[in-house]
Student: 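Let me begin by handing over the structure; questions about it come next.
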Amino acid sequence: MGVDFWQILMNGAVELISPTTAAYALAALGLAIHFGYTGLLNFGQAGFMAIGAYGFAISTLTFQFPVWAAVLVGVGASVVFALILGVPTLRLRADYLSIVTIAAAEILRLIFTTNTFDPVTGSANGLSGYKGSYGDPVTREGAWGFAGLNPFPKGSYGFGPWVMDEYNFFLTIVAWVIVILAALLTWQLMRSPWGRVIKGIREDEDAVRALGKNVYFYKMQSLILGGVFGTLAGMIFILPRAVVPSNYATTLTFFIYTILLLGGAATILGPVVGSIIFWVLLSIVSGFIARAQGAGWLPFLSSVQAGQLRFIIVGVVLMLLVIFRPQGIFGNKKELAFVK
Amino acid sequence: MSSNATPSKGAPVKSTGLHVGEPAPGVAKVDPIIVADNVTRTFGGLKAVDVAHLEIPRNAITALIGPNGAGKTTLFNLLTGFDKPDTGTWTFAGTSLAGVPSFKVARLGQVRTFQLTKALGLLTVLDNMKLGAKNQKGENLFRALLPFLWRKQEEEIEAKALDILQRFKLDAKVEDYAASLSGGQRKLLEMARALMSDPTLVMLDEPMAGVNPALTQSLLDHILDLKTQGMTVLFVEHDMHMVRHIADWVVVMAEGRVVAEGPPHDVMKQQAVIDAYLGSHHDQDLGATESENVEAMKELLHDED
């Protein structure tokens, strides 16, 4: 029994443009605004993603909101979440924000997991059935939700490893269009005077305060903007799968940090390319380990252990990155060193 | 009230006739820009600042001196809104500033620099400068997305920044990161950046600390130049030579209080000042720890300028 390297590569190629890759890229872009540009240590990006996921799913399932309203509910909830986090902590030193955000994200996840709200949140089983329906293939009778917005006829799209049905094709396009728009928005903001204030705050907020800028207000805007990106990412993330509360544990935040540091924390392209590299490599590595284990090349590992090995590798890569290339792939070493 | 000085090397023209009546702690000024009353700040049991009354003269250079721990920087922080006092009121150009946050104080035209220089290291020198400009349209999150709204203003700000940088001889460094500047250049940049907001009062916290002697004269000239341009300067400094050289008025603090005030050459001869630096038992053995203050005092008394 050999290992089909071609198949492993093809599976990796699928991740290149998958909606999940787009979702992580968007969440990492939000974190780039927080951490890379403003210097806010937000360790609760998973919480913002959970708000997007649950905000969208609950609005759709429990309240039968149309897609645009469900998106607005998620975004509105994340603005409120950012305000709740920011009002008490943004006046304090950066490390306090990190403690509060990591705790707040966990609180959210536990609220979504608890049985008390089972009818609405689905507790530990999560939620599904919010994707909507394409309706009748011709008349579109009965179309609703996200799938109902699909303008493409039913069928198969793409080529090579990227062959997908009309739902995933539509979702992939929507996801990457959102990522591109968010990247352009961030790019424009960071070359504006607003971005200059934000980067100044990263360097020394007292100096910026002494120049007459309302630092607290700018930090709040940054927290909200990056959080909304995370929330939109949370919505994209759940459209190819179901909402499962355990997905929003702190590991999600750390994967996004890995992506951010891989690409470069104070860059626009960094989070996007970082996410692509992360997912393609993760797919190839886990595909290889699983097949190698199946082929008996790794006799010292059980199949369960082999499944976990890839995350050990992610952790090691993160450590190596921070030590040897703190500015990431795209970062300018002079502009952002992880340790000043 | 004052004769304006032109910065000529060696002997700047001092502003005189700033006060009303005999120079004493809390003496009234002819034209005060800052009037502070009953400002106190305690840290635990220590009364760091306890100023009953203080007036800072307009369009003059006032030095705030005193031994280490006298409360100079704390008073600075209070006046600029970076710290909150336990009690007290003060006005800046007639506006009450008690309880006003630091960024609003800066917007009113009272800018400060810091004892430990705060150049924004990973921004370019030019971006550091541009950040100092006030009322920027593009600093609003939504207008930032529409460059045509702020591009013209941005060009004006850039021209102004380049002009000031040229005066400060930093124009060759425009595109460099501020982190690559030397300590003295960072002090210059911080002062230049403060000027971008067209302040009326410039507050410098130890502008000479850590500055290469070669840059000292240039920094002094820039400070004198601020007065020529109609600004008021208040600075904290340990370098007595500099204080004598450029200050029009000296306020001496010790243990949180203002213990003496007056023109530089007179004030340094007062008993209260000698006591502040040397302790009232200065005829007794001081021990090695006091040697720094002794040196400062020797400079005060014997420096012939």
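So you know, we letter chains A, B, ... as the sequences are listed, proteins then strands, and number each from 1. Quantities reported herein were computed from a predicted structural model and do not represent experimental measurements.
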Student: Side chain, backbone, both or neither: which part of B:Arg143 has a heavy atom under 4.5 Å from chain A?
Tutor: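 Looking at B:Arg143, nothing touches chain A.
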
Student: Could you grab the distance from atom CZ of A:Arg196 to atom CG of B:Leu126, nearest 0.5 Å is fine?
Tutor: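 Separation between the atoms: 8.0 Å.
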
Student: Near B:Phe142 CZ, under 6.0 Å, is it more than 12 heavy atoms from other residues, nucleotides or ligands?
Tutor: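 No, because the 6.0 Å sphere around CZ of B:Phe142 holds 12 heavy atoms or fewer from other groups.
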
Student: Check whether any side-chain heavy atom of B:Gln136 lies under 4.5 Å from a side-chain heavy atom of A:Val197, and answer yes or no.
Tutor: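 A side-chain contact is absent here, since even the closest heavy-atom pair is not under 4.5 Å.
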
Student: Measuring heavy-atom distances to chain A, does B:Ala133 have an atom under 4.5 Å in its side chain, in its backbone, in both, or in neither?
Tutor: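 Backbone only.
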
Student: Is the number of heavy atoms from other residues, nucleotides or ligands under 6.0 Å of A:Leu320 CG greater than 12?
Tutor: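 Counting neighbours around CG of A:Leu320, more than 12 heavy atoms of other residues, nucleotides or ligands fall under 6.0 Å, so yes.
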
Student: Under 4.5 Å, heavy atom to heavy atom: which of residues 204-218 of chain A reach chain B? Give them by number, or say none.
Tutor: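 At a heavy-atom separation under 4.5 Å, chain B is reached by A:Asp204, A:Asp206, A:Ala207, A:Val208, A:Arg209, A:Ala210, A:Leu211, A:Gly212, A:Lys213, A:Asn214, A:Tyr218.
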
Student: Show the nearest heavy-atom pair for residues A:Trp194 and B:Asn140, with the distance to one decimal.
Tutor: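 Answer, listing the atom of A:Trp194 first, then B:Asn140: CD1-C, 4.0 Å.
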
Student: At a heavy-atom separation under 4.5 Å, does B:Ser197 approach chain A through its side chain, its backbone, both, or neither?
Tutor: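 Neither the backbone nor the side chain of B:Ser197 comes within 4.5 Å of chain A.
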
Student: Can you confirm whether A:Pro193 sits close enough to B:Lys130 that some side-chain heavy atom of one is under 4.5 Å from a side-chain heavy atom of the other?
Tutor: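 No - every pair of side-chain heavy atoms lies 4.5 Å or more apart.
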
Student: Only heavy atoms, only distances under 4.5 angstrom. Which residues in residues 183-190 of chain A are near chain B?
Tutor: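 Residues in range: A:Leu185, A:Gln188, A:Leu189.
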
Student: Could you tell me which non-hydrogen atom of A:Glu203 sits nearest to which non-hydrogen atom of B:Leu123, and how far apart they are?
Tutor: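 For A:Glu203 versus B:Leu123, the nearest heavy atoms are CG-CD1, 4.0 Å.
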
